[in-house]
Amino acid sequence: MANDESLATTSPTDEFLKGLWRENPTFVQVLGMCPTLAVTNSATNAIAMGLATTFVLVASNLAVSSIRRFVPKQVRIVTFILLIATFVTVVDYAIQAISLGLHKALGAFIALIVVNCIILGRAEAFASKNGLLRSALDGLGMGVGFTLALLALGGVRELVGRGSLFGVPLLWDGYQGWVVMILPAGGFFTLAALLLFVQWRKRAAKEVTP
Amino acid sequence: MSGTPHLEAPTTPVWPMYRTLVSVGLVCGLLIVSAYELTRPIIQRNKIAARQAAVLQVLPGAHASRTFRVDEAGAVTPVPPESEGEGLVFAGFDAQRRLVGLAIEAQGMGYQDVVRVLYGYSFEQQAVIGFRVLESRDTPGLGDRVETDPAFLRNFECLDVSLGADGKALAHPVEFVKQGQKVSPWQVDGITGATITSRAVALMIARSAATWIPRVAARRAEFRPEE
Amino acid sequence: MTALGKTLEIRSSPHILSGNRVDTIMWNVVLALLPVSGFAVYAFGIAAVLVLAVAVGSCVLTEHLLCRVAGKPTTVADGSAVITGLLYGLTLPPGLALWMVAVGGVVAIAVGKALFGGLGQNPFNPALVARAILQAAFPVAMTTWAPILAAGRFTSVPASLLAWPFSAPAPDATSTATPLSAWKFDHRLTETPDLLLGTTAGSVGETCAVLILLGGAWLIARRMMNWRIPAAIFATVAALSAVLHAFDPARCAGPEFMLLSGGLMLGAVFMATDMVGSPMTHLGCVIHGVVIGVLVVVIRVYGGMPEGVMYAILLANALVPHLDRLIQPRVYGTKGRGRKP
């Protein structure tokens, strides 16, 4: 576990880029579904959740990577969770300080970033085996990929559900919002549709390249 | 643990485990405490500002507010603005430091979840003069119309809550009627299509007004601005 | 959706040809729905004609297009899409904007049926799937009820029907309460004769109990419907509401009101009996009916909404595969149930 950095055959840029599309945490790994479905009822909430998660991901990946040589493997999960929970608490306070309204909108889901499997997943699968730079880039890439995925969901749901984006009305006056899209059921519909789209694109790409 | 001779007996590195957990725990604790200390004054300020903004909104013309606690018997004591708990009312004062009215919080069950509202009471007009929803998780597009429907909000621009002759109860309890059937100034006109939530809001104001207004109406002079 | 001639595929042996084919059943169901639809047109005028036409049209068109996309021969001719559309149209409020009706029609066939694999594969009643999604998407429009027997119903179309696609319909000043919402929110009880004859506000085809029962009787007489399902629903609703009414008359209305109001008649006779979404055994059908009956009463009496037939049937649909697994038909020629060889 200590010296498998030789595994790294990819370039650092690749570590960042893989999270955006090829190994996108939401659409490909299908991890962290709880915040994905719960807080994407508006684009603003989605982006706030995405950024908070990105911060925690980068910070926890950095921390885990820097102490990876000192942590006995019997207690590694406990240590990772401890670190993640700390960063989540810090984010929780920071969001409260930035905007109470945002904190209220995200509700319990900020605290639940702790149990977002993307974060522990990256800590265990990547950061505990790789150097600082690669781990930070991996965390950033996964975080940005997660944020983009949430934004796609939140954007679609807000646009169809309310006719607006980031609270700015975009469609014509008198547009009839589809309330179901803002309700939890709309999260499932949109996620299913987007997963379908991503799979279809991936398959199309595979048919072209070989 | 297993008796198989081929496997190396697993050694549990006790000392490194302690070392790791204790040091990581310490660092994490330090981080959390410092984040808490750094953000606490800001969060406190945000909370007070949000409350103040709500109070000024339900009391048109108010420029400053002060928090009071009123106990069951009606005794009024000024408390610091960050106070929490039962029995809080918020007095609003205009630019000349004259009392505009009191903002009172009420809550009750909406269509799906608890709804918390704040309403403004004017001693002079003996009426509710402002209203806003503090917290509601009701169905978007349905229940949240109590926050946005202009016709519904007009109910609370001047809703009669004057006291009866004995000063111990409202002359007319606040009543809920269906949309378009309001005839008396103490009635709340509902919203068609959001009947349940609009009725719940009217009921929570009716209940709160029935207990609070007789309690505070006689103590107008005790709500003084800060020195 | 009673129509589906899936008998040969889903029943256990022995298989005896009954002479019923998909299209014969289909025409009988259409016949059974004819009086109900006729009354709807009489009661709501042009609005009902338009809603039903758009509902059927959108379902049939979606079915045809999806077959095209899948590269299969079109299955419009088997008539199941027509019946889905007709039943779906009958469950809608008569003043619903036509574009919403069309959206629901697409949802019924595409989401409710095709996504599960087409005719015979759909666990949920497609008409009710569409209605449930519309109810969640457009809650205000789906609970605005045009008055029945309005004066100008044959000469003019209500403005709410003709709202531009994806635009909110103009608020309807003349909307009224259904018997169920009048009871739930104002404690106003509708007279039983009105409920029987259908002179109350409500969905396009749910108001007239007598004609719905007539249609059901026709299908039962032709052995195209399992009478145990509606019978179990009616018995459960009647018994449960009688008990609750005796305990708390302010909360739960009497059995005659619970039976005749809202969509219970239409749902019990034409939707709960859907051959695809109902159990295979007679005992299973009785349990299916009891489950629906209990859910209807619980939702109506204790829920936030005045009506619960739609959700009750959809929930019960989800239980059907489990019922079929629990209660296996007897293997022909033996005394044992299917599980024991």
- Query: Under a 4.5 Å heavy-atom cutoff, which of B:G25, B:P16, B:C28, B:A35 has the most pairs with chain A?
  - Reply: B:C28
- Listed by residue number, which members of residues 205-212 of chain B have a heavy atom under 4.5 Å from any heavy atom of chain A? none
- Item | Between B:T39 and A:Q96: side-chain donor-acceptor atoms closer than 3.5 Å | no
- Query: If you draw a 6.0 Å radius around NZ in B:K47, do more than 12 non-hydrogen atoms from other residues or ligands fall strictly inside?
  - Reply: no
- Task: Could you tell me whether a side-chain N or O of A:D138 sits under 3.5 Å from a main-chain N or O of A:R134, the two making a donor and an acceptor?
- Result: no
- Considering only heavy atoms, which portion of B:R40 lies under 4.5 Å from any heavy atom of chain A: side chain, backbone, both, or neither? neither
- Item | CZ/A:F166: more than 12 non-hydrogen atoms of other groups inside 6.0 Å | yes
- Per-residue tally against chain B (heavy atom, under 4.5 Å) across A:V75, A:I98, A:N41, A:V78 peaks at A:V75
- A:D92: partners by side-chain hydrogen bond (donor to acceptor under 3.5 Å, both in side chains), with sequence neighbours left out: A:H103
- Task: Check whether more than 12 heavy atoms from other residues, nucleotides or ligands sit under 6.0 Å from atom CH2 of B:W15, and answer yes or no.
- Result: no
- Message: Ignoring hydrogens and geometry beyond distance, is a side-chain donor-acceptor pair present between A:R157 and A:T40 at under 3.5 Å?
- Response: yes
